[in-house]
Amino acid sequence: MHLGKIAAEQPGKAAIIMAGSGQAISFAELDVAANKLAHVLFDAGLRPGDHIAFMLENRWEFLAIAWAAQRSGLYYTPVSSRLQADEIRYIVGDCGAKSFITSKAMADGCASMAAVTSHVQSRLMLDAVADGFLSYEQVTDAAPATPLPGEVEGSDIV
């Protein structure tokens, strides 16, 4: 079922409950986050059939990113946080990612995250801004919360 439909029918229902903290993200919140990122990716020039990659620790935004790609007609590849820089570079390059999303926690583990992802056109970072990256929070906060016109289904590549 489409996230937007679930969010419309059960906006306050928890879509995600984070283990440990108990933080709950509703279907409406997840839908808004996915819509905002979908607009950011579209504005960065990504179109259906393009590819993104992301590497995060265990956090709710993982699903917002996947849903943004899914509803934008994009292919998306989650990258294991346990990989070394050369392995990350290979995966991100091999999948043809035009956008790469990570967090400060993941970038801290890779001495030169911008160099690892130098071939992508759009790089976003949660919780901080590093060389070559834009702030995920700043760009998504400024984006519309509405769905992209003419949504097309994307797919994961794992």
Side-chain angles (χ1 to χ4, degrees), residues 2-4 15-16 18-21 23 25 29-145 147-158:
H2 190 281
L3 176 61
I16 303 166
M18 297 299 296
S21 71
Q23 177 189 18
I25 305 301
E29 292 168 317
L30 181 58
D31 188 49
V32 165
N35 281 331
K36 286 176 168 274
L37 181 57
H39 280 279
V40 168
L41 295 171
F42 185 85
D43 291 347
L46 279 79
R47 297 296 181 266
D50 287 339
H51 204 116
I52 70 167
F54 55 98
M55 184 175 74
L56 299 173
E57 67 278 21
N58 189 22
R59 56 189 302 154
W60 73 267
E61 290 92 347
F62 184 99
L63 291 174
I65 294 165
W67 269 107
Q70 178 68 28
R71 68 188 332 157
S72 301
L74 303 175
Y75 292 104
Y76 56 99
T77 297
V79 178
S80 172
S81 61
R82 300 191 187 280
L83 298 177
Q84 300 299 312
D86 59 335
E87 296 169 313
I88 298 165
R89 184 182 303 107
Y90 174 79
I91 291 170
V92 173
D94 189 57
C95 74
K98 290 189 175 182
S99 181
F100 181 75
I101 303 169
T102 193
S103 68
K104 180 182 184 325
M106 293 294 98
D108 286 348
C110 185
S112 181
M113 189 60 76
V116 168
T117 63
S118 62
H119 56 282
V120 299
Q121 65 193 43
S122 166
R123 290 184 293 286
L124 302 175
M125 183 175 290
L126 288 105
D127 302 329
V129 180
D131 287 342
F133 285 80
L134 296 175
S135 165
Y136 180 96
E137 292 84 1
Q138 284 183 337
V139 297
T140 57
D141 284 351
L148 284 174
E151 287 184 328
V152 178
E153 188 172 348
S155 183
D156 61 329
I157 298 190
V158 184

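The nearest pair of heavy atoms linking I101 to L126 is CG2-CD1, 3.9 Å. Of all heavy-atom pairs spanning S99 and L41, the tightest one is OG-CD2, 3.6 Å. Heavy atoms only, all atoms of each residue included: M106 and T102 are closest at CB-OG1, 3.1 Å. Annotation for A130 and M125: closest pair CB-CE, 3.6 Å, computed over non-hydrogen atoms. Residues Q138 and S135 share a closest heavy-atom pair of N-OG, 3.1 Å. Between Y75 and G49, the shortest heavy-atom distance links the atoms CD1-O, 3.6 Å.
Counting only distance, with no hydrogens or angles, the side chain of Q70 and the backbone of G154 share a donor-acceptor pair below 3.5 Å. Here the side chain of H39 pairs no donor or acceptor atom with the backbone of A143 at under 3.5 angstrom.
Put simply, CZ on R82 and CE on M55 are 12.0 Å apart, with the number rounded to the nearest 0.5 Å. Here the CH2 atom belonging to W67 is positioned 11.5 Å from the OG atom belonging to S72, to the nearest 0.5 angstrom.
Using a 4.5 Å cut-off on side-chain heavy atoms (C-beta onward), F100 and I52 make no contact. A 4.5 Å side-chain heavy-atom check between K98 and D50 finds at least one atom pair inside the cut-off. A 4.5 Å side-chain heavy-atom check between S81 and E57 finds every atom pair outside the cut-off. At a threshold of 4.5 Å between non-hydrogen side-chain atoms, the residues L74 and P48 do not count as touching. Using a 4.5 Å heavy-atom threshold, the side chains of I65 and L56 count as touching. Looking at I16 and L30, their side chains come closer than 4.5 Å, going by heavy atoms from C-beta outward. Counting heavy atoms from C-beta outward, Q121 and L46 have side chains that approach closer than 4.5 Å. Contact of the K36 side chain with the V32 side chain is registered, since non-hydrogen atoms from C-beta on lie closer than 4.5 Å.
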Inset, instruction - Could you go through the side chain to side chain contact (heavy atoms under 4.5 Å, CB included) check for I91 and T77 one step at a time? - result: CA-CA 9 Å; I91 291 170; T77 297; 4.1 Å; yes
Legend entry - Audit row: V40, L124, side chain to side chain contact (heavy atoms under 4.5 Å, CB included) steps and yes/no: CA-CA 10 Å; V40 168; L124 302 175; 4.1 Å; yes
Legend entry - Working for salt bridge (charged side-chain N to carboxylate O under 4.0 Å, His left out), residues D31 and R71: CA-CA 10 Å; D31 188 49; R71 68 188 332 157; 2.8 Å; yes
Inset, instruction - Go through the steps for W60 and E29 under the test side chain to side chain contact (heavy atoms under 4.5 Å, CB included), then give the verdict. - result: CA-CA 11 Å; W60 73 267; E29 292 168 317; 5.9 Å; no
Inset, instruction - Applying side chain to side chain contact (heavy atoms under 4.5 Å, CB included), run through L148 and N35 and close with a yes or a no. - result: CA-CA 7 Å; L148 284 174; N35 281 331; over 6 Å; no
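Taking the charged nitrogens against the carboxylate oxygens, D94 and R89 have no contact shorter than 4.0 Å, which rules out a salt bridge. For D127 and R59, the salt-bridge test passes: some basic side-chain N is under 4.0 Å from an acidic carboxylate O.
Classified by interplanar angle (parallel below 30°, tilted 30° to 60°, perpendicular above 60°), the ring pair F62/F54 is perpendicular.
Environment of CG in N58: sparse, with no more than 12 heavy atoms of neighbouring residues, nucleotides or ligands closer than 6.0 Å.
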